[in-house]
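Report on the structure given below.
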Amino acid sequence: MTSRTLSLELFKGECKRKLWLYLLTAIAALMVPGGLLMTIDRYYLWGMTKRGIAQNLRGIVGIGSYGVLFIIVSVVYASISMAYMFSRSKVDLYHSLPIKKKNMFFVRFLSAFIPFVIIDTFTTVLETLVIMVKGLKGLGVIEIIWNTYIYSLLVFTLGFCIMSIALSISGNLLIGELIGIGLLVGWPIIEEVFNWYRNYCFQTGANYLNTYEFSWWKFLLSPVGACDKLDKLILAEPLRVLLLVAEVAVLFILSVWLYTIRPSECTGKALCYDFLQPVIRIPIVIMAALTGGIYIVFVSGNFMTAGWYWSVFIIIGVLTHIIMTAVLKMDIKKVFKEWPQLIISMVLAAVIALFYLYDLSGYDRYIPDENKVKATSIVLGSIESEPSVYDIDNDFGDMNIEYADRTKYVLDRMNVGDDHAIRQLAQIGINNLDPDRSVFKRQEKQRELNNMSYEEWVDKYGMDTENYEYVTVKYELNNGHMVYRSYNLPLDEGYAPIEAVFNRTEYKDAIYQADEYIGKNLIDRIEIKDAVYNTVFKMTGTDIDEFLKVYYEDLMNLTLNDLATQYPIYRLSSVRNDEEYSYMDLLGGYYLYPNFDRTLAFLKNKGMTVDKDPNEIEVARIDHMDITDYSWSSEKERKSEISVNGYSESSSYATTAQYEEPTHVNYVSGIDDDIIGQIADVGVIDGFAYVNSILKPYEAGLDIFVTYQTEKGYMNNFYLVIPKGKMPQKLMDDLKTAYDERDTEGMNYYSTYTEGAIID
């Protein structure tokens, strides 16, 4: 009997043996088009449009949703195909056949791959038919379904090969499967542990941004961890497809080779090759010790001490070494014979931990050399942070709008060359870091703060955190690597470079998206609103694009000084009649300022009355003011929970109001006209008061509730905010008197606020 005939017979036998597995896979696969059909019907019941349904289905039918499922199927198929290797009698039987081991591997692989292809193809065709019958073709879903089909075959092959490699180097099925699962899912776990260390130990970490980047080498090490990024790989990117195919091909060749050289006599041993024991044991012990050490952070409530950390670190590391040695040696008596490896593992783990716990690498103080930087970008955390940010694409001829991460959006869009102002801000941020690199020392300060007042702490450490700006910087290096850092820096010290950054055309073009809506028919109506959300003007049709062009010119001429010296006079709001996107305000957070001459002239030309300042308060129409003091009067007496490196400060309300009842001062028209006029003169209607408030800070801890008589004669109301340092003296005196004379037990909070009230 020829080798080819034997291979064919072996293939038939393998298929018969796996028939039950094929049936289970087919049943599970048929649930996909069935579930898709029910999902579509459910969306229809919600009254969604066809396009809206298609947009929602994109996330359901993509590789990001099913990637892990494909991996699980491949692991099961590989385990069933290679299970014979762990029975000495079966190994002797198969290896006595006149057939090359390489051909035997192909038989086992094809007996898994071909049925999977048939089942996957049939399922994909059914999914396509469901989409076509429901009238959703041409909306991008079918393309994603078949795109997913192609990648599912590659992912299945990759998972099969990784599991085959794990099983080929082990002589015990359970250990082989554990190794395979570790290879498949280990990297996300490792990455998460190091993210914990970065976020906890470093003061400038912006590591979450790295999760947005797709990494091929991470995919190679852990396809399960990378499946959620695979939905970004589309057929329009052939280079990525070729790279993925190349990765699969390399792993396939490696799996064939290891299967071929695997000695029969290793059946029953933990590992076929003794040199692999330390290769497996040492990394696992290192990660276990590091994980145990950082886990104590959560147990201790972020007040970790060095003693607790190193105790747990050592205990977990030693226990893991003992367990791993017992498993790999398959003899508990030999657990103490590998003590040199234990020492090596713990020393390596300690060195890694020290680099994080004491920032030995200088992570927090790192700024790349100018000659290594290809591009830089920055995002200011508080200044002009309100404008809405969306990802807008036109995949497959269908407009798709999704909320975007503002930080990532701005950093990716700005991209200028090496910038002096950005470097200045980074250096200022570094100069204002806590001088103690040790996370343990910083934690001691946190504990010390519990027994100190805010003033005592600032006096001792010299840090006042009331006006800090939070910035995130991105460096794109010449080698393609992205470096992210976040800094907190005093606004007064960093004002000049912040101004230089904000006034750059590249930065304003990155934070303002209004120009992207021009000519795309994304907005059906623009509404101009005043400080209390009254709609004072509307525009539709061709006026929208004309307005956006003029408005964008004014935005690009806006300076930081304008933001620091002006309050907005109008806010913008967009309306889209499309049911799918009706809830999205594409112009949310966009404002008009007094110096927007082009825009205001355009609106006036279209018939809008723009002569009157919407923020102007007519004192004669104020009926009364109810002022509630939550904590303003007691601000100097309060304790404040601030971080040692200036990252956060609890608000006055949060630290004081929970212990004390608020006090009240009331002013009535006709009796207190003088103070009412003073407050109205300096006050800002709260609808605009908080826009870029870091540049125009206000008095915290006060609610100034104004009851106002409209032109039509009925009463409405609004809140006022007083800018920092502009408190009228009489108001300060009255608040202090009320605070000193308050009856905390008998005080009842009240408010005359009428929900939904507006200024006419």
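- Checked for salt-bridge contact, Arg423 and Asp418 meet the test: a charged N lies under 4.0 Å from a carboxylate O.
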For Tyr366 and Ser361: C-alpha separation, side-chain torsions, deciding distance, then whether side-chain contact (heavy atoms from CB on, under 4.5 Å) applies. CA-CA 9 Å; Tyr366 171 75; Ser361 64; over 6 Å; no

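- Side-chain atoms of Asp434 and Lys441, non-hydrogen and from C-beta on, never get closer than 4.5 Å to each other.
- At a threshold of 4.5 Å between non-hydrogen side-chain atoms, the residues Leu271 and Ile179 count as touching.
- Although no hydrogens or angles enter the test, the distance criterion places no donor-acceptor pair under 3.5 Å between the side chain of Lys102 and the main chain of Thr260.
- Ring geometry for Phe252 against Phe109 counts as perpendicular: the plane angle is over 60°, on a 0 to 90° scale with 30° as the lower cut.
- Classification of Asp359 and Arg365 as a salt-bridged pair holds, one side-chain N sitting under 4.0 Å from a carboxylate O.
- Heavy atoms only, all atoms of each residue included: Ala270 and Val327 are closest at CB-O, 3.9 Å.
- Each of Tyr22, Tyr77, Tyr149, Phe156 was compared with Phe116 under the ring-ring contact (aromatic ring centres under 6.0 Å, His included) criterion, and only Phe156 meets it.
- Taking CZ of Phe113 as the reference point, atom OG of Ser74 lies at 11.5 Å (rounded to 0.5 Å).
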Go through Phe313 and Leu290 one step at a time and tell me if the side-chain contact (heavy atoms from CB on, under 4.5 Å) criterion holds. CA-CA 6 Å; Phe313 178 93; Leu290 290 171; 4.0 Å; yes

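- Partner Tyr356 forms a ring-ring contact (aromatic ring centres under 6.0 Å, His included) with one of Phe194, Tyr363, Phe440 and no other, that one being Phe194.
- Considering every non-hydrogen atom in both Leu183 and Ala166, the closest pair reads CD1-CB, 4.4 Å.
- Shown here for Gly317 and Met346, the closest heavy-atom pair between the two residues is CA-SD, 3.8 Å.
- Note that OG1 of Thr472 and CG of Leu411 are 6.5 Å apart. Values are rounded to the nearest 0.5 Å.
- Here the straight-line distance linking atom CG of Leu167 with atom OG of Ser255 works out to 11.0 Å at 0.5 Å rounding.
- Contact of the Ile261 side chain with the Tyr273 side chain is registered, since non-hydrogen atoms from C-beta on lie closer than 4.5 Å.
- The backbone N or O of Leu489 lies less than 3.5 Å from no partner atom in the side chain of Asn432, so there is not a single donor-acceptor pair.
- Residues Phe70 and Thr148 form a side-chain contact, since some pair of their non-hydrogen atoms from C-beta on lies under 4.5 Å apart.
- Considering all non-hydrogen atoms of both residues, Ala353 and Tyr309 come closest at CB-OH, 3.3 Å.
- When side chains are defined from C-beta on, His321 does not count as touching Val318, because their heavy atoms never get closer than 4.5 Å.
- Looking at Tyr484 and Lys408, their side chains never come closer than 4.5 Å, going by heavy atoms from C-beta outward.
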Before giving the answer on side-chain hydrogen bond (donor to acceptor under 3.5 Å, both in side chains), spell out for Asn431 and Gln427 the whole-Å C-alpha distance, their side-chain angles and the decisive distance to 0.1 Å. CA-CA 6 Å; Asn431 294 341; Gln427 190 59 58; 3.0 Å; yes

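- The residue from Arg108, Lys18, Arg17 that alone fulfils the side-chain hydrogen bond (donor to acceptor under 3.5 Å, both in side chains) condition with Ser81 is Lys18.
- Remark: Glu192 CD to Thr291 OG1 distance equals 10.5 Å, nearest 0.5 Å.
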Run the numbers on Tyr487 and Ile428 for side-chain contact (heavy atoms from CB on, under 4.5 Å), then give the verdict. CA-CA 9 Å; Tyr487 307 99; Ile428 292 171; over 6 Å; no

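- Shortest non-hydrogen contact noted between Val75 and Met163 is CG1-CE, 3.4 Å.
- In this structure, CD1 in Ile316 is found 13.5 Å from CD1 in Ile294, a value given to the nearest 0.5 Å.
- Side chain of Arg442 to main chain of Arg437: a donor-acceptor pair is present (N/O by atom type, distance under 3.5 Å, no hydrogens or angles).
- Atom NZ of Lys269 sits in a crowded spot, with more than 12 heavy atoms from other residues, nucleotides or ligands closer than 6.0 Å.
- At least one side-chain heavy atom of Ser385 sits under 4.5 Å from a side-chain heavy atom of Arg406.
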Lys372 and Tyr475: side-chain contact (heavy atoms from CB on, under 4.5 Å), yes or no, with the steps? CA-CA 9 Å; Lys372 295 181 179 180; Tyr475 305 98; over 6 Å; no

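- When atom types are taken as modelled, the side chain of Gln341 and the backbone of Ile282 share no donor-acceptor pair closer than 3.5 angstrom.
- Scanning all heavy atoms of the two residues, the minimum distance from Asn478 to Val373 falls at OD1-C, 3.7 Å.
- To the nearest 0.5 Å, the span separating SG on Cys201 from CZ on Phe355 amounts to 13.5 Å.
- Between the side chain of Arg262 and the backbone N or O of Ser170 there is at least one donor-acceptor pair closer than 3.5 Å.
- In this structure, Val473 and Leu425 have side chains that are not in contact, with every pair of non-hydrogen atoms separated by 4.5 Å or more.
- The main-chain N or O of Ser438 is never found under 3.5 Å from a side-chain atom of Asp436 such that the two would form a donor-acceptor pair.
- Ser486 and Tyr470 share a side-chain donor-acceptor pair at under 3.5 Å.
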